[in-house]
Amino acid sequence: MRDSIRRNMPLFPMGIVTKLTELTPRQIRYYEEQGLIKPARTKGNQRLFSFNDVDRLLEIKSLMEKGVNIAGVKEVLNRPKITHLQPVQPSLEAEARRDLTEEDLHRLLKRQLNELPGRPGQQHLIQGELSRFFH
DNA sequence: TTTCTGACA
DNA sequence: TGTCAGCA
């Protein structure tokens with residue numbers, strides 16, 4: 001599916017991502033330093049995050065809230081979903097993996113969009129970009 | 001106006 | 001992590 005191309009398309013700048021994830025720019029930049037995400041850059045060196053980046057950020061946030069440190073987060077993220085096969089093993093990893101589904105992400109994005117405070121111009125542009133993901 | 005990097009608390 | 005400075 002060419003869905004992956006859309007999920008990896010660099011679409012939003014720092015400001016949008018901070019609203020979507022509720023993380024601070026400081027945290028996001030730090031996570032990038034740690035190699036947890038690799039957002040694209042504009043010619044002006046501004047970060048441009050893709051859906052995948054936002055997804056990863058949300059997972060990082062989720063993990064951090066569970067008290068997992070950077071090292072632990074790296075462990076999970078470098079483990080491209082094995083969730084199916086592996087018979088139960090009450091690992092912290094499995095525990096963390098569980099609560100962030102794609103549906104959760106979409107639901108959260110919708111909620112965030114509706115809450116975006118009045119800034120007409122940009123908001124419309126953003127909704128236009130995201131709308132196709134909510135078909 | 002927004003984001004970037006680096007640095008200090 | 002928060003925040004400030006000095007640039008693009």
Side-chain angles (χ1 to χ4, degrees):
Chain A
M1 50 177 123
R2 61 200 156 215
D3 205 56
S4 64
I5 117 159
R6 290 183 303 187
R7 297 183 63 77
N8 285 301
M9 187 162 17
L11 294 176
F12 4 71
M14 187 59 90
I16 303 301
V17 178
T18 58
K19 287 188 174 68
L20 253 29
T21 65
E22 292 180 274
L23 287 170
T24 66
R26 179 72 181 76
Q27 290 177 294
I28 295 173
R29 287 170 190 136
Y30 178 63
Y31 299 153
E32 181 185 7
E33 281 184 68
Q34 301 308 302
L36 269 34
I37 52 174
K38 341 64 188 83
R41 296 283 183 147
T42 64
K43 288 186 177 182
N45 197 39
Q46 308 240 120
R47 270 167 272 249
L48 276 189
F49 302 83
S50 66
F51 253 79
N52 274 328
D53 292 324
V54 175
D55 199 335
R56 290 173 72 87
L57 249 11
L58 287 173
E59 191 156 336
I60 293 169
K61 183 191 175 192
S62 168
L63 257 28
M64 296 299 274
E65 289 175 341
K66 291 175 182 294
V68 182
N69 55 39
I70 294 296
V73 175
K74 286 181 181 176
E75 294 283 305
V76 180
L77 293 180
N78 291 325
R79 210 150 315 214
K81 55 204 127 189
I82 318 169
T83 46
H84 279 316
L85 321 177
Q86 295 307 316
V88 281
Q89 180 157 43
S91 65
L92 173 62
E93 184 183 317
E95 192 65 34
R97 263 288 172 190
R98 175 189 311 157
D99 67 330
L100 209 160
T101 66
E102 187 159 320
E103 216 179 309
D104 286 329
L105 173 60
H106 284 199
R107 179 160 41 64
L108 187 149
L109 287 174
K110 283 185 181 178
R111 177 164 62 72
Q112 291 298 325
L113 283 175
N114 290 328
E115 291 176 1
L116 281 181
R119 195 144 58 200
Q122 294 194 346
Q123 184 172 356
H124 289 163
L125 190 151
I126 295 166
Q127 294 185 320
E129 284 301 314
L130 298 177
S131 65
R132 55 184 165 177
F133 289 97
F134 302 140
H135 295 165

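Chain naming here is simple, since letters A, B, ... match the order of the sequence lines and numbering starts at 1 in each. In what follows, every heavy atom counts, from backbone to side chain, and hydrogens, waters and symmetry copies are set aside.
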K.L.:
If Ile, Leu, Val, Met, Phe, Trp and Tyr residues are connected whenever their side-chain heavy atoms lie under 4.5 Å apart, and connections chain through other members, are Val17(A) and Leu48(A) in the same group?
P.N.:
no
K.L.:
If every non-hydrogen atom of Lys74(A) is compared with every non-hydrogen atom of Gln34(A), which pair is closest and at what distance?
P.N.:
CE-O, 3.1 Å
K.L.:
Regarding Gly15(A), tell me which of base, sugar-phosphate or nothing describes its non-hydrogen contacts under 4.0 Å with the strands shown.
P.N.:
sugar-phosphate
K.L.:
Give a yes or no on whether Ile16(A) and Leu11(A) share a hydrophobic cluster (residues Ile, Leu, Val, Met, Phe, Trp, Tyr; joining criterion: side-chain heavy atoms under 4.5 Å apart).
P.N.:
yes
K.L.:
Is Met9(A) reachable from Phe49(A) through a run of hydrophobic residues whose side-chain heavy atoms are each under 4.5 Å from the next?
P.N.:
yes
K.L.:
Is there a side-chain contact between Arg29(A) and the phosphate of dA7(B), meaning an N or O under 4.0 Å from OP1 or OP2?
P.N.:
no
K.L.:
Would you sketch DNA chain C in dot-bracket for me? Only Watson-Crick or G-U wobble pairs with both distances under 3.5 Å count, crossing pairs as [ ], other-strand pairs as |, the rest as dots.
P.N.:
||||||.|
K.L.:
Salt bridge or not for Asp53(A) and Arg56(A), using N-O below 4.0 Å?
P.N.:
no
K.L.:
Please find the pair of heavy atoms, one from Ile28(A) and one from Thr18(A), that lie closest to each other, and give the distance.
P.N.:
CD1-CG2, 4.0 Å
K.L.:
Round to a whole Å and report the spacing from CD1 of Ile28(A) to P of dT2(B).
P.N.:
16 Å
K.L.:
Let me know the distance between CZ of Arg47(A) and C1' of dT2(B), rounded to the nearest Å.
P.N.:
12 Å
K.L.:
Starting at atom CZ of Phe49(A), determine the distance to atom P of dT2(B), rounded to an integer number of angstrom.
P.N.:
16 Å
K.L.:
Using only atom types and a distance under 3.5 Å, with no angle test, would you say the side chain of Asp55(A) pairs donor to acceptor with the backbone of Asn52(A)?
P.N.:
no
K.L.:
Enumerate all atom pairs, one protein N or O and one N or O from nucleotides 4-6 of chain C, separated by less than 3.5 Å.
P.N.:
none

K.L.:
Atom CE of Met14(A) and atom P of dC4(B): how far apart are they, to the nearest Å?
P.N.:
4 Å
K.L.:
Specify the separation, in whole Å, of atom CZ of Phe12(A) and atom C1' of dT2(B).
P.N.:
17 Å
K.L.:
Nearest-Å distance, CD (Glu33(A)) to P (dT5(B))?
P.N.:
9 Å
K.L.:
Search all heavy atoms of Ile5(A) against all heavy atoms of Arg2(A) and return the closest pair with its distance.
P.N.:
CG2-O, 2.8 Å
K.L.:
Quick test: give all pairs of protein nitrogen or oxygen and nucleotides 1-3 of chain C nitrogen or oxygen below 3.5 Å, distance rounded to 0.1 Å.
P.N.:
from   : atom 1 : to       : atom 2 : distance (Å)
dT1(C) : OP1    : Gln27(A) : NE2    : 3.2
dT1(C) : OP1    : Tyr31(A) : OH     : 3.3
dT1(C) : OP2    : Gln27(A) : NE2    : 2.5
dT1(C) : O4     : Arg26(A) : NH2    : 3.3
dG2(C) : OP2    : Thr24(A) : OG1    : 3.1
dG2(C) : N7     : Arg26(A) : NE     : 3.4
dG2(C) : O6     : Arg26(A) : NE     : 3.3
dT3(C) : O4     : Arg26(A) : NE     : 3.4

K.L.:
Taking all non-hydrogen atoms of both residues into account, name the closest pair between Leu36(A) and Val73(A) and its distance.
P.N.:
CD2-CG1, 4.0 Å
